[in-house]
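Order of listing sets the numbers, starting from 1, for every ligand and every atom in it.
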Amino acid sequence: MARPAKAIVNLEAVRHNYRLAASLCAPGLALAVVKANAYGHGAVAVAKTLEPLAPALGVACIEEAQELRAAGIVAPILLLEGIFTADEVAIAADQQFWLMLENDQQLSAVENAELIQPVKVWLKVDTGMHRLGLQVEQLKNSYARMQACQHVDSDIVIATHFACGDELDNDCSARQIACLKQAAEGLNAPLSLANSPGILGWPDARAEWNRPGFMLYGNTPFDVPQEQAEKLKPVMTLQSAVISVRDITAGESVGYAAKWTASRPSKIATIAMGYGDGYPRHAPNGTPVLVNGQRVPLVGRVSMDMITVDVTDLGSVAIGDEVILWGEELTANEIAAHAGTIGYEVLTRMPMRTPRIYIN
Ligand SMILES: *Cc1c(COP(=O)(O)O)cnc(C)c1O
């Protein structure tokens, strides 16, 4: 019994990918980013897997951090976007959530908070992404303010984030690295620059603290082959099964809006997997699907609960046959590319409905 659609999450692959990140960062430290439900993989399970290995975890907001604390995670947790409201400072201090501070309002909220325990802060500098961060010229003054603040931990990390880290031939990252190093000169503070592409592809970006996210889940952040990224192991296998098989004649169409028409007598297999399970609706005709380990083309529109594939060339196909939508042999990145997006998005959009089955 049970609908066959499920996401198998290989926790040993998470450990493998984290160890790769940690080894590239050494002697610097690697903070494991588990925001957005660990990029769709399940934040609690991934955090529990990495807690024995990682010195700290990273999430986007205090609600995500509280979910991990409630599940028994005790590691420090960096809030990558800091606080959204001033009352979060006291909770952060109490719960050992670290704050990435990026503007004057956040600095003032920390200064004005009444805390029993000190709070640990990172200062984020805008070195070229122009989304968040203190201006380069503001850094020294902001750092002095935080150092002067009695209830701020004196070990303050200075951080930035890359705009084009995944473009290995773009010198934007080198300029951001130089900019941060110059801005922090003389402060003798630990630095943090690298996300996954920084760790894998920009050795000069590795520093005292590093922030791997996407790479922990085993897909490459690059769209060209890259030596270190080749060593990653995909963590999620999105799996289902054939639930119906039929023959149609040439000229007949398949699915909503009849978006695919058979040019020859064809065998169509229907699979229990749709956009309601996290498969991207924009995947076009021809997107590869593995049926019994063999690539076959998606035909017709992706529905909420089903997709259809052309198995005419496959030999025998029967109800119950195994289907893999993405995993080791066919990556989430590859499916994302067909659908006009990136692996980050298809994994992060995995809905609650799809059961996560944890192995290893
Ligand atoms: C999400 C995030 C990361 C992780 O980035 P990946 O590309 O997924 O490794 C690192 N730092 C910050 C500030 C982030 O928001």
Identify, for [atom], the protein heavy atom at the shortest distance, and state residue, atom and that distance.
atom                    : result
atom 9 (O) of ligand 1  : S196 OG, 2.5 Å
atom 7 (O) of ligand 1  : Y344 OH, 2.6 Å
atom 8 (O) of ligand 1  : Y39 OH, 2.6 Å
atom 1 (C) of ligand 1  : K35 NZ, 1.5 Å
atom 12 (C) of ligand 1 : H161 CE1, 3.5 Å
atom 5 (O) of ligand 1  : N195 CB, 3.4 Å
atom 11 (N) of ligand 1 : R211 NE, 2.8 Å

Ligand 1 to M100 polar contact by distance, N or O atoms, under 3.5 Å: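 It does not: no N or O of M100 is found under 3.5 Å from an N or O of ligand 1.
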
Polar contact flag for G213 and ligand 1 (N/O pairs, less than 3.5 Å):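 Yes: some nitrogen or oxygen of G213 is under 3.5 Å from one in ligand 1.
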
E230 atom CD: more than 12 heavy-atom contacts under 6.0 Å: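 Yes, enclosed.
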
Value rounded to 0.5 Å, distance of NZ in K124 from CD1 in I158: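 These two atoms lie 14.0 Å from each other.
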
Rounded distance (nearest 0.5 Å) linking atom CG of L29 with atom CZ of R206: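 The distance works out to 14.5 Å.
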
With heavy atoms of [X] as the reference, note each atom of ligand 1 found under 4.0 Å away.
X    : answer
P197 : 7 (O)
K124 : 13 (C)
F214 : 6 (P), 8 (O), 9 (O)

Residue portion contacting ligand 1 (non-hydrogen atoms closer than 4.0 Å) for E81: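 It is neither part, as no heavy atom is under 4.0 Å.
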
Ligand 1 versus A159: contacting region, heavy-atom distance under 4.0 Å: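 Within the 4.0 Å criterion, A159 makes no contact with ligand 1.
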
Test item: D277 side-chain N/O and G274 main-chain N/O as donor-acceptor pair under 3.5 Å: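 Flag set: sc D277 to bb G274 pair under 3.5 Å.
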
N292 (side chain) donor-acceptor with V317 (main chain) under 3.5 angstrom: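 Absent.
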
Taking only Lys NZ, Arg NE, NH1 and NH2, and the carboxylate oxygens of Asp or Glu, determine whether [X] and [Y] approach each other closer than 4.0 Å.
X    : Y    : answer
D310 : R264 : yes
R295 : E334 : yes
K181 : D204 : no

From K259, M306, H282, residue fulfilling side-chain contact (heavy atoms from CB on, under 4.5 Å) relative to R301: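 By the side-chain contact (heavy atoms from CB on, under 4.5 Å) criterion, R301 pairs with just one of K259, M306, H282: K259.
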
